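Values in this document were obtained by computation on a predicted structure and should not be read as measured data.
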Number of protein chains: 2
Amino acid sequence: MATGERRGDLFDEACPTRHLLDRIGDKWTSMVVKVLTDAHPHEVRFAEVRRRAPGISKKMLSATLRSLERDGLVTRRVEDSVPPRVHYGLTGLGLSLGGPLAVLREWAETNMAEIDRHGQLWDAGRG
Amino acid sequence: MATGERRGDLFDEACPTRHLLDRIGDKWTSMVVKVLTDAHPHEVRFAEVRRRAPGISKKMLSATLRSLERDGLVTRRVEDSVPPRVHYGLTGLGLSLGGPLAVLREWAETNMAEIDRHGQLWDAGRG
DNA sequence: CAGCATCCTATGGGATACTG
DNA sequence: CAGTATCCCATAGGATGCTG
């Protein structure tokens, strides 16, 4: 991703879910999309996105945003000033992704605690 | 994952979606869950899961199933025979994950073609 | 400010061979 | 049959420093 490369996996055609997860399943994409979704229709500047996605490095934010822009989910607008200001926003496609992500989030909020609890019991039984 | 280890990322508490994607966003989990969801309420044996998730190695199938079992999404039942037969199925929790995954899949089926097309245009403009 | 370049490590995951 | 064990490599992604 950092290089802008994309792999064309055989399973991409066979399994759309896998294909999508290849794009949004990495460490930062879902958080960046959420930041831009929450801000919509307002654009958000690079540093501000970074502030709202705690922990992300400049390198990864840059790579994540470029990947999203490449896929047509995010717009990038450079304000011609010194120092430069770059504004990011969602395309219609990017905005539409908010629905599925919200569903995922809702399920996660309801069930991740149980998953964690189960995992801890499991680990304890192996200690 | 292969070792059964789990990282406790700081963002897990802050972002449930990220937390969930840490579990299902890897290469095989979503496909394995889909196989078991499609088969439900019937259980599926190890080799049969493998057949329905083309390309997965024994190692990765083993690791993926164990991870899902650890998280309480999948049941594992060993039939006492020689050679052994091991049957996998979904728990209620695992079954409930089918909803969100179907939403993801639907969005992907509708939009991944456009994403790919956009990405190819982008790449062409950089060639 | 908004990045890119570079270096580095940990991890995911494939190939292959072995086992109860 | 249903796994483990081992080896190997490609990649994700963090840390740091430089630049227009």
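Between C/dG3, C/dC1, D/dG14, one nucleotide has an atom nearer to the side chain of A/S57 than all others, and that is D/dG14. Checked against D/dA15, D/dA5, D/dG3, the side chain of B/V86 finds its nearest nucleotide in D/dG3. Between C/dC18, C/dA2, D/dG13, one nucleotide has an atom nearer to the side chain of A/P84 than all others, and that is C/dA2. In the set C/dG13, C/dA2, D/dG3, the nucleotide with an atom closest to the side chain of B/F46 is D/dG3. Distance from the side chain of B/S62 is smallest to D/dG3 among C/dG13, C/dA2, D/dG3.
Here the C1' atom of nucleotide C/dG20 and the CG atom of B/D80 are 13 Å apart, to the nearest Å. The distance between atom CD1 of B/I56 and atom C1' of D/dA2, rounded to the nearest whole Å, is 14 Å. In this entry the distance linking CG of B/L61 with C1' of C/dG13 reads 13 Å, nearest Å. Per the geometry, NZ belonging to A/K27 stands 12 Å off P belonging to C/dG12, to the nearest Å. Per the geometry, CG belonging to B/D22 stands 19 Å off P belonging to C/dA10, to the nearest Å. The distance from atom CG of A/D26 to atom P of D/dG13 is 5 Å, rounded to the nearest whole Å. The NE2 atom of A/H87 sits 11 Å away from the P atom of C/dG3 (whole-angstrom rounding). Atom-to-atom, CE of A/M60 to C1' of D/dG13 comes out at 5 Å; the value is rounded to the nearest Å.
The environment of B/E106 atom CD is sparse: at most 12 non-hydrogen atoms of other residues, nucleotides or ligands sit within 6.0 angstrom.
Here A/R76 pairs with nothing under the salt bridge (Lys or Arg N to Asp or Glu O under 4.0 Å) rule; sequence neighbours left out.
Taking for each of A/G25 and A/P83 the nucleotide of DNA chain D with the nearest heavy atom, the 5'-most of the two is the partner of A/G25.
The phosphate of D/dA2 (OP1 or OP2) has a side-chain N or O of B/R45 nearer than 4.0 angstrom. Here A/Y88 reaches the OP1 or OP2 of C/dG3: one of its side-chain N or O atoms lies under 4.0 Å away. Between B/R66 and D/dT4 there is a side-chain N or O to OP1 or OP2 distance below 4.0 Å. A close approach under 4.0 Å does occur between a side-chain nitrogen or oxygen of B/R76 and OP1 or OP2 of D/dG3.
Within 4.0 Å of A/R50, counting heavy atoms only, lies no atom of the nucleic acid at all.
Of the charged side-chain nitrogens involved, none lies within less than 4.0 Å of a carboxylate oxygen, so that A/D71 and A/R66 do not count as a salt-bridged pair. Remark: B/R52 does not engage B/D38 in a salt bridge, criterion side-chain N to carboxylate O under 4.0 Å.
In this model, no side-chain donor or acceptor of B/K59 finds a partner on the base of D/dG3 within 3.5 Å.
When atom types are taken as modelled, the side chain of B/R85 and the backbone of B/V78 share no donor-acceptor pair closer than 3.5 angstrom.
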